[in-house]
Amino acid sequence: MPASVKAYSPGHISGYFSRITGGRPEDTGSIGAGLVLSDGVTVTVTRSEVTDVLVLADGMANRGSPPIEEALDRLGVTATIVTESALPIGSGFGLSAASLLATIMAANKIFSLSMGISEIAQLAHSIEVECGNGLGDVAAELGGGLVCRTAPGITGVTCRLNVGMEPVAIVSLAPIPTQNVLSTPASMERVAAAYPGRCPRDIEDFFILSRQFAESSGLITEQVNTILSACDNAGILASMTMLGEGVFAIGEDAGAVLSQFGKVYSTMVADEGPKILEVTS
Ligand SMILES: Nc1ncnc2c1ncn2[C@@H]1O[C@H](COP(=O)(O)OP(=O)(O)OP(=O)(O)O)[C@@H](O)[C@H]1O
Ligand SMILES: CC(C)(CO)[C@@H](O)C(=O)[O-]
């Protein structure tokens, strides 16, 4: 019986999305396209009598995480959980979904729950949808690459383009609470109308579609607009992080251009999905 298990899930930036509301969490979520990020969340699950969650992200430490606590409750287990991420929370990196995937995967191992990856993903997706924290991130994070989802739920991915270990630079000005946007009918109407209606052909096409979506969705703030203009002037492919007040970009000079506007997070397009990293007896 292991004493602790460490698992990892990549993160995910949506470039564009549209919400799909079904009758159940299984058929509720989003369609859209995004990049799976090698910087995601690493979670250590240790057996304990009471549940305690420590969240370490972007140099900050916080206690408690409603989605993780909900996941453990639904599994009927208690544990000490430490989640670690180099990226900030609430800024469009799909970290709630990544932390759920890694936690449930590690809990499955440590408590011998015999769940398959579909069952793990379904539980993570249901909690995301029911808590209003995300729509399509779980499905995307099940593998790497440039991912396009054409149906809601965990099996909605129709295309995963392997773009290699492409470096991605990101500047994040402020979080945008996902719940606020998803629960504002006027915002969601503009988002729905802005949806490009097709999958990207390649990474360049992805940035073009994402940018068109960002411009017409009404989500671009003045500061994001300034950063995007600087990227345009430097000939850099860039768009707005959904949902966070920030910009992600690719290309050799992306980091240098973005660094004029704030702290730059340097990550890569991931080449794989969630996995167990370490089992300690
Ligand atoms: N790394 C993490 N570890 C544990 N809990 C997390 C983590 N990231 C997010 N959460 C929890 O998920 C909930 C929703 O977070 P939120 O949706 O703002 O984060 P996010 O997934 O990083 O953002 P986004 O939806 O913009 O990608 C919060 O209650 C937060 O505590
Ligand atoms: C809603 C969202 C843009 C941010 O969490 C993402 O979950 C998605 O693409 O569905």
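First listed ligand is number 1; within each ligand, the first listed atom is number 1.
If you look at Ser99 next to ligand 1, the close heavy atoms, those under 4.0 Å, all belong to the side chain. Counting heavy atoms closer than 4.0 Å to ligand 1, residue Val55 contributes side-chain atoms (C-beta onward) but none from N, CA, C or O. At a 4.0 Å heavy-atom cut-off, ligand 2 touches Thr178 through the side chain alone. At a heavy-atom cutoff of 4.0 Å, ligand 2 is contacted by no atom of Gln179, backbone or side chain. Contacts with ligand 1 closer than 4.0 Å are made by side-chain heavy atoms of Val41 only, the backbone lying farther away. Of the heavy atoms in Thr178, only side-chain atoms (C-beta onward) come closer than 4.0 Å to ligand 1.
For ligand 1, the atoms sitting less than 4.0 Å from at least one non-hydrogen atom of Gly90 are 18 (O), 19 (O), 20 (P), 22 (O), 23 (O), 26 (O), numbered in the order shown with element in parentheses. Listed by number with element, the atoms of ligand 2 under 4.0 angstrom from any heavy atom of Gly134 are 5 (O), 7 (O). Contact atoms of ligand 2 toward Gly136: 7 (O), 8 (C), 10 (O) (distance under 4.0 Å to a heavy atom of the residue). Residue contact check: Ser30 has heavy atoms under 4.0 Å from atoms 8 (C), 9 (O), 10 (O) of ligand 2. Close contacts between ligand 2 and Phe17 involve ligand atoms 3 (C), 9 (O) [criterion: under 4.0 Å to a heavy atom]. Against a heavy-atom cut-off of under 4.0 Å, Pro66 is close to the following atoms of ligand 1: 29 (O).
Cysteines Cys199 and Cys148 place their SG atoms closer than 2.5 Å to one another.
At least one donor-acceptor pair under 3.5 Å links the side chain of Gln179 to the backbone N or O of Cys131. Side chain of Ser217 to backbone of Ala214: a donor-acceptor contact under 3.5 angstrom is found.
Within the structure, ligand 2 has Arg149 among the residues with a heavy atom less than 4.0 angstrom away. At least one heavy atom of Gly92 sits closer than 4.0 Å to an atom of ligand 1. Ligand 1 does not have Pro177 within reach: every non-hydrogen atom of the residue lies 4.0 Å or more from it. For Gly134, the closest heavy-atom approach to ligand 1 does not fall below 4.0 Å.
Of the N or O atoms in Ile68, none lie within a sub-3.5 Å distance of an N or O in ligand 1. The shortest N or O to N or O distance between Pro88 and ligand 1 is not under 3.5 Å. For the pair Asp137 and ligand 1, the shortest N or O to N or O distance does not fall below 3.5 Å.
Distances from atom 30 (C) of ligand 1 to the protein include no heavy-atom value under 4.0 Å.
The closest side-chain donor-acceptor pair between Thr21 and Thr28, if any, does not fall under 3.5 angstrom. Using a 3.5 Å distance cut-off with no hydrogens or angles, the side chains of Thr221 and Glu245 do pair a donor with an acceptor. Between the side chains of Arg149 and Ser30, at least one donor N or O lies within less than 3.5 Å of an accepting N or O. Between the side chains of Ser48 and Thr80, at least one donor-acceptor pair of N or O atoms lies under 3.5 Å. Side-chain contact, Glu222 with Thr226: no donor N or O sits under 3.5 Å from an acceptor N or O.
Distances from atom 11 (C) of ligand 1 to the heavy atoms of Pro67, Ser91, Ala98, Gly94 put Pro67 nearest.
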